[in-house]
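Written below as structure tokens is the structure these notes are about.
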There are 2 protein chains.
Amino acid sequence: MESQDLRKAGLKVTLPRLKVLEILETTDHRHMSAEDVYKALLEMGEEIGLATVYRVLTQFEGAGLVSRLSIDGGHAVFELEDGSHHDHLLCVRCNRIEEFVDDVIEKRQRAIAAEKGFEMTDHSLYIYGICRHCQSS
Amino acid sequence: MESQDLRKAGLKVTLPRLKVLEILETTDHRHMSAEDVYKALLEMGEEIGLATVYRVLTQFEGAGLVSRLSIDGGHAVFELEDGSHHDHLLCVRCNRIEEFVDDVIEKRQRAIAAEKGFEMTDHSLYIYGICRHCQSS
DNA sequence: ATATATATGAAAACCTTTCTCATTTACACC
DNA sequence: GGTGTAAATGAGAAAGGTTTTCATATATAT
Ligand SMILES: [Mn+2]
Ligand SMILES: [Mn+2]
Ligand SMILES: [Zn+2]
Ligand SMILES: [Zn+2]
């Protein structure tokens with residue numbers, strides 16, 4: 001019952017919010033831009049404004065329901081938050097996104113921040129490359 | 001003699017290009033946005049268009065003379081290329097940028113790409129935090 | 001010196017994201 | 001179930017960084 005998730009986050013339960021959540025939960029593209037979500041909703045026959053999609057996604061991010069990736073050069077994609085941190089591999093040919101977790105890297109990052117006297121608040125790591133699928137074509 | 005660098009890159013030797021190069025070589029802010037470079041040139045009394053600065057920096061990037069960092073949220077900064085790869089720590093309070101190299105992380109990235117079947121072409125890693133200077137204030 | 005391909009500056013266009021504001025809606029309360 | 005009020009919405013304008021357009025100027029080969 002996702003209405004509860006919204007209430008818990010202090011957000012009123014509105015149709016646009018439920019619909020955005022529904023898209024994120026049912027898509028097979030785990031990582032979607034605001035535009036992607038917007039278009040998916042239009043195709044579903046929903047009437048929604050793009051500004052609302054941006055607002056709702058930003059609110060969801062604030063509520064910890066989704067997380068935002070800032071892909072190279074001002075283009076954000078969103079994904080449902082699953083509680084576990086991970087980083088991303090991006091195919092430069094087809095834009096496929098894969099996920100990974102690496103404890104060695106996570107630990108080294110903390111060590112580097114400490115060495116440099118930084119109180120680490122966050123990090124972003126993207127590996128770019130050509131995915132298996134695109135190599136054979 | 002930086003004229004040679006330009007010629008080697010197949011770029012005509014023009015005043016705007018020489019001046020942008022000069023700024024990058026003499027600034028004490030190793031990482032500068034296009035706007036930073038533009039303003040520095042205006043203060044020097046140079047007449048140059050912002051579009052030219054963007055163009056020249058992009059050409060320099062193509063020629064391997066500078067590298068571009070895409071900071072979180074559509075704002076690029078440039079630095080003179082020194083041949084050696086490094087990653088960055090960014091202070092979220094004062095925007096200070098520090099550099100680091102970590103071979104363990106570099107190696108793990110290659111291993112992860114290989115595991116996932118990616119032919120790695122590049123990567124980007126930013127550690128965000130509060131710098132030493134900003135912690136005591 | 002001349003010709004020609006290339007570079008420049010100013011302004012307009014671009015693209016993603018945010019803001020404004022008039023209108024609609026959710027929900028607490030009676 | 002109505003009502004009031006604060007919050008949410010949609011349309012379009014605005015923002016902010018970057019790129020494009022196009023007429024003019026410049027570098028370089030001959
Ligand atoms: Mn992900
Ligand atoms: Mn650097
Ligand atoms: Zn691919
Ligand atoms: Zn700082």
Side-chain angles (χ1 to χ4, degrees), chain A residues 1-23 31-42 44-63 65-78 95, chain B residues 1-23 31-42 44-63 65-78 95:
Chain A
M1 218 62 212
E2 56 272 308
S3 298
Q4 290 314 317
D5 297 331
L6 294 178
R7 289 213 176 78
K8 238 185 297 179
L11 299 169
K12 284 188 186 176
V13 179
T14 64
L15 211 55
R17 287 176 179 154
L18 288 171
K19 289 301 177 184
V20 168
L21 215 40
E22 182 182 336
I23 289 291
H31 304 90
M32 299 181 86
S33 69
E35 188 88 31
D36 290 339
V37 171
Y38 174 63
K39 283 183 181 156
L41 284 169
L42 291 190
M44 255 178 110
E46 294 298 326
E47 289 200 1
I48 193 169
L50 180 56
T52 300
V53 173
Y54 274 104
R55 265 188 304 239
V56 166
L57 287 170
T58 301
Q59 291 156 346
F60 283 4
E61 185 190 15
L65 295 174
V66 310
S67 53
R68 178 195 305 252
L69 318 195
S70 287
I71 307 276
D72 211 42
H75 196 193
V77 302
F78 299 83
N95 299 314
Chain B
M1 218 62 210
E2 55 271 311
S3 297
Q4 290 316 316
D5 297 331
L6 294 178
R7 289 214 177 77
K8 238 184 298 178
L11 299 170
K12 284 187 184 173
V13 179
T14 65
L15 212 54
R17 286 174 180 157
L18 288 172
K19 289 301 177 183
V20 168
L21 215 41
E22 183 183 337
I23 289 291
H31 303 90
M32 300 180 83
S33 68
E35 188 87 31
D36 291 338
V37 173
Y38 174 64
K39 285 182 180 157
L41 285 169
L42 291 190
M44 257 178 109
E46 294 299 327
E47 289 200 0
I48 193 169
L50 180 56
T52 301
V53 174
Y54 274 105
R55 267 187 303 237
V56 167
L57 287 170
T58 300
Q59 291 157 345
F60 284 3
E61 185 191 15
L65 295 174
V66 309
S67 54
R68 178 196 304 250
L69 318 195
S70 288
I71 308 274
D72 208 42
H75 197 192
V77 302
F78 299 84
N95 298 315

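Everything quoted here is computed from the prediction, not taken from an experiment.
The side chain of A:R55 lies closest to D:dG10, out of C:dT8, D:dG10, C:dC27. Of all nucleotides listed (D:dT9, D:dT21, D:dT19), D:dT19 comes nearest to the side chain of B:Y54. For A:K12, whose side chain is taken as the heavy atoms from C-beta onward, the closest listed nucleotide among C:dA26, D:dT9, C:dT8 is C:dA26. Out of C:dA7, D:dT19, D:dG10, the shortest distance to the side chain of B:T58 is found at D:dT19.
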Stepwise, does the side chain to side chain contact (heavy atoms under 4.5 Å, CB included) test hold for A:L50 with A:E35? CA-CA 7 Å; A:L50 180 56; A:E35 188 88 31; 4.1 Å; yes
(request) Check the pair A:L21 / A:L6 against side chain to side chain contact (heavy atoms under 4.5 Å, CB included), numbers first and verdict last. (result) CA-CA 10 Å; A:L21 215 40; A:L6 294 178; 4.2 Å; yes
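What separates CG of A:L42 from P of D:dG10 is a distance of 11 Å, to the nearest Å. One interatomic measurement links the two molecules: NE2 of B:H75 to C1' of C:dT16, which rounds to 15 Å at whole-angstrom precision. Distance B:I71 CD1 to D:dG17 P: 13 Å, rounded to the nearest Å. Atom-to-atom, CG of B:L50 to C1' of D:dG17 comes out at 9 Å; the value is rounded to the nearest Å. Atoms CG (A:L41) and P (D:dG10) sit 10 Å apart, rounded to a whole Å. In this structure, A:E61 places its CD atom 13 Å from C1' of C:dT17, rounding to the nearest Å. A straight line from CD of A:Q59 to C1' of D:dA8 spans 8 Å, rounded to a whole angstrom. Remark: C1' of C:dC15 and CG of A:D36 are 15 Å apart, rounded to the nearest angstrom.
Nucleic acid contact for B:E47: sugar-phosphate only, since backbone atoms but no base atoms lie under 4.0 Å from a heavy atom of the residue. As judged by a 4.0 angstrom heavy-atom cut-off over every strand, B:I48 is placed among residues touching the sugar-phosphate backbone only. Within 4.0 Å of B:A76, counting heavy atoms only, lie sugar-phosphate atoms of the nucleic acid but no base atom. In this structure, A:T14 reaches the sugar-phosphate backbone alone: every heavy-atom distance under 4.0 Å involves primed, P, OP1 or OP2 atoms, never a base.
Closest of all the heavy-atom pairs between B:F60 and B:R17 is CZ-O, 3.6 Å. The two residues A:I48 and A:P16 make their nearest non-hydrogen contact at CD1-CB, 3.9 Å. Smallest separation of non-hydrogen atoms from B:S3 and B:L18: OG-CD2, 4.0 Å.
For the pair B:T58 and B:R68, the minimum side-chain heavy-atom distance is below 4.5 Å. Residues B:Q59 and B:L65 have side chains not in contact (no heavy-atom distance under 4.5 Å, counting atoms from C-beta outward).
At C:dA7, one or more side-chain N or O atoms of B:R17 fall inside 4.0 Å of OP1 or OP2 (strictly under the cut-off).
Overall bending of the helix from C:dA1-D:dT30 to C:dC30-D:dG1, expressed as the angle between end axes built from five pairs apiece, is 30° (10° steps).
Side-chain contact annotation: A:R55 with A:T52, donor-acceptor N/O pair under 3.5 Å present.
Comparing A:A34 and B:A51 against DNA chain C, the residue whose closest nucleotide sits nearer the 5' end is B:A51. Nearest-nucleotide positions on DNA chain D for B:S33 and A:L11 put A:L11 closer to the 5' end.
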